[in-house]
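We're numbering straight along the sequence, starting at 1. Remember, it's 1-based here, ligands and their atoms both numbered in the order they're listed. When reading the values below, keep in mind they use all heavy atoms of this one structure, side chains included, and skip hydrogens, waters and symmetry mates.
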Amino acid sequence: MSVALVTGGSRGIGKATAILLAQSGYKVVVNYLRNKMAADEVVNTILSAGGEALAIKADIADELQVMAMFVEIDRAFGPLTALVNNAGILFEQSTVETLTAERINRVLATNVTGYFLCCREAVKRMAYRHGGEGGAIVNVSSAAARLGSPGEYVDYAASKGAVDTLTTGLSLEVAAQGIRVNGVRPGFIYTQMHASGGEAGRVDRVKEALPMKRGGQPEEVAQAIVWLLSSKASYVTGSFIDLAGGR
Ligand code: NAP
């Protein structure tokens, strides 16, 4: 049976992806940082529908916690076959001229280093050269990587640019090792993330300016992620799907 880890699987896009993966037959690990109750709720939703799931608390920016999480997954479910690098953070909307080194480093530690660390541990388990049977990785980037988020969070946008480069580079590095690496770039999706930027209603503010005149739902992003992980996307690697309503 396929084993999937969804980082930041306790809410938003990660939650929708974890539930859809379970419905598609994966054993699912729901990673979270602080909100155990929310992670347990996702696990219970999966279990009560007859699936298999486990919640693991780990800060993806912390190397030792990431390594311990993968060991726990090995023990509970066996080696990972699918990774969704999804947990991401942003802070209050502001201009570059007001950013502190502390804030920039926090964003990069989670959104970039965290993605690298999870990719590293996944590759060690999936690659043919390590005795693995291959696998698939999806990195959740953002349309911000293309648009730059001026006046809001250029630090966050730049971290997503790095995620895109990680996706391209790693996809080429492990293509012959049975591992496919792809990215999704959501646009304005209805989740709690916008409250972290200080504007919970951000999607509704901008939606009229979007070509499709609406924000997106987490489930619409999850569909693309699950497809990219599936055997239906068996010849797809180093690719990106934009889910931004035409933006
Ligand atoms: P969200 O609702 O804010 O959820 C974030 C999730 O990440 C939560 O489960 C949170 O866990 C977890 N998390 C945060 N920091 C973590 C860390 N250091 N280690 C482990 N888990 C951590 O986010 P979302 O809107 O669903 O976004 C998911 C991904 O999509 C992110 O990478 C984001 O950049 C990207 N994205 C979102 C949008 C959008 O419009 N929403 C657009 C483009 C891209 P706790 O609750 O336990 O803290």
Side-chain angles (χ1 to χ4, degrees), residues 5-20 29-43 55-66 68-70 83-91 93 105-118 138-149 152-153 155-164 166-167 183-207 210 214-222 224-225 240-245 247:
L5 164 62
V6 183
T7 66
S10 57
R11 58 184 159 101
I13 292 168
K15 174 182 178 177
T17 303
I19 290 170
L20 190 57
V29 178
V30 177
N31 159 255
Y32 68 101
L33 180 59
R34 292 186 195 90
N35 193 341
K36 181 178 188 316
M37 205 185 285
D40 285 344
E41 209 178 289
V42 177
V43 167
I56 302 182
K57 175 181 165 72
D59 181 350
I60 60 159
D62 183 312
E63 189 167 21
L64 292 180
Q65 290 185 39
V66 170
M69 171 167 65
F70 275 81
L83 166 66
V84 183
N85 256 327
N86 166 78
I89 56 167
L90 50 74
F91 294 109
Q93 295 175 3
N105 289 334
R106 280 178 69 191
V107 169
L108 297 180
T110 298
N111 296 7
V112 183
T113 307
Y115 275 45
F116 266 90
L117 293 173
C118 291
V138 172
N139 290 325
V140 181
S141 172
S142 171
R146 295 185 279 105
L147 302 170
S149 305
E152 294 193 324
Y153 13 72
D155 51 348
Y156 167 82
S159 76
K160 294 302 187 177
V163 166
D164 286 358
L166 162 64
T167 300
V184 293
R185 285 189 290 239
F188 295 86
I189 311 300
Y190 286 99
T191 74
Q192 292 168 38
M193 175 175 251
H194 308 286
S196 310
E199 190 186 2
R202 177 169 173 260
V203 178
D204 281 333
R205 172 174 62 82
V206 302
K207 68 180 183 188
L210 301 176
R214 69 169 178 90
Q217 295 298 333
E219 290 74 16
E220 296 180 286
V221 182
I225 295 171
F240 299 88
I241 298 180
D242 287 278
L243 297 122
R247 182 89 186 270

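- Every residue meeting the side chain to side chain donor-acceptor pair (under 3.5 Å) condition with K36, not counting sequence neighbours, appears here in chain and number order: D40.
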Checklist line | Step-by-step salt bridge (charged side-chain N to carboxylate O under 4.0 Å, His left out) determination, R185 to D164 | finding: CA-CA 9 Å; R185 285 189 290 239; D164 286 358; 2.9 Å; yes
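- At a heavy-atom cutoff of 4.0 Å, ligand 1 is surrounded by G8, S10, R11, G12, I13, N31, Y32, L33, R34, N35, A58, D59, I60, N86, A87, G88, I89, T110, Y115, V140, S141, S142, Y156, K160, P186, G187, F188, I189, T191, Q192, M193, H194.
- Residues N139 and T167 have side chains that bring a donor and an acceptor to within less than 3.5 angstrom of each other.
- E220 CD: more than 12 foreign heavy atoms inside a 6.0 Å radius.
- Every side chain to side chain donor-acceptor pair (under 3.5 Å) that Q93 has, sequence neighbours left out, goes to E199.
- Under the rule for a side chain to side chain donor-acceptor pair (under 3.5 Å), the partners of R202 that lie at least two apart in sequence or sit in another chain are E152, Y153, H194.
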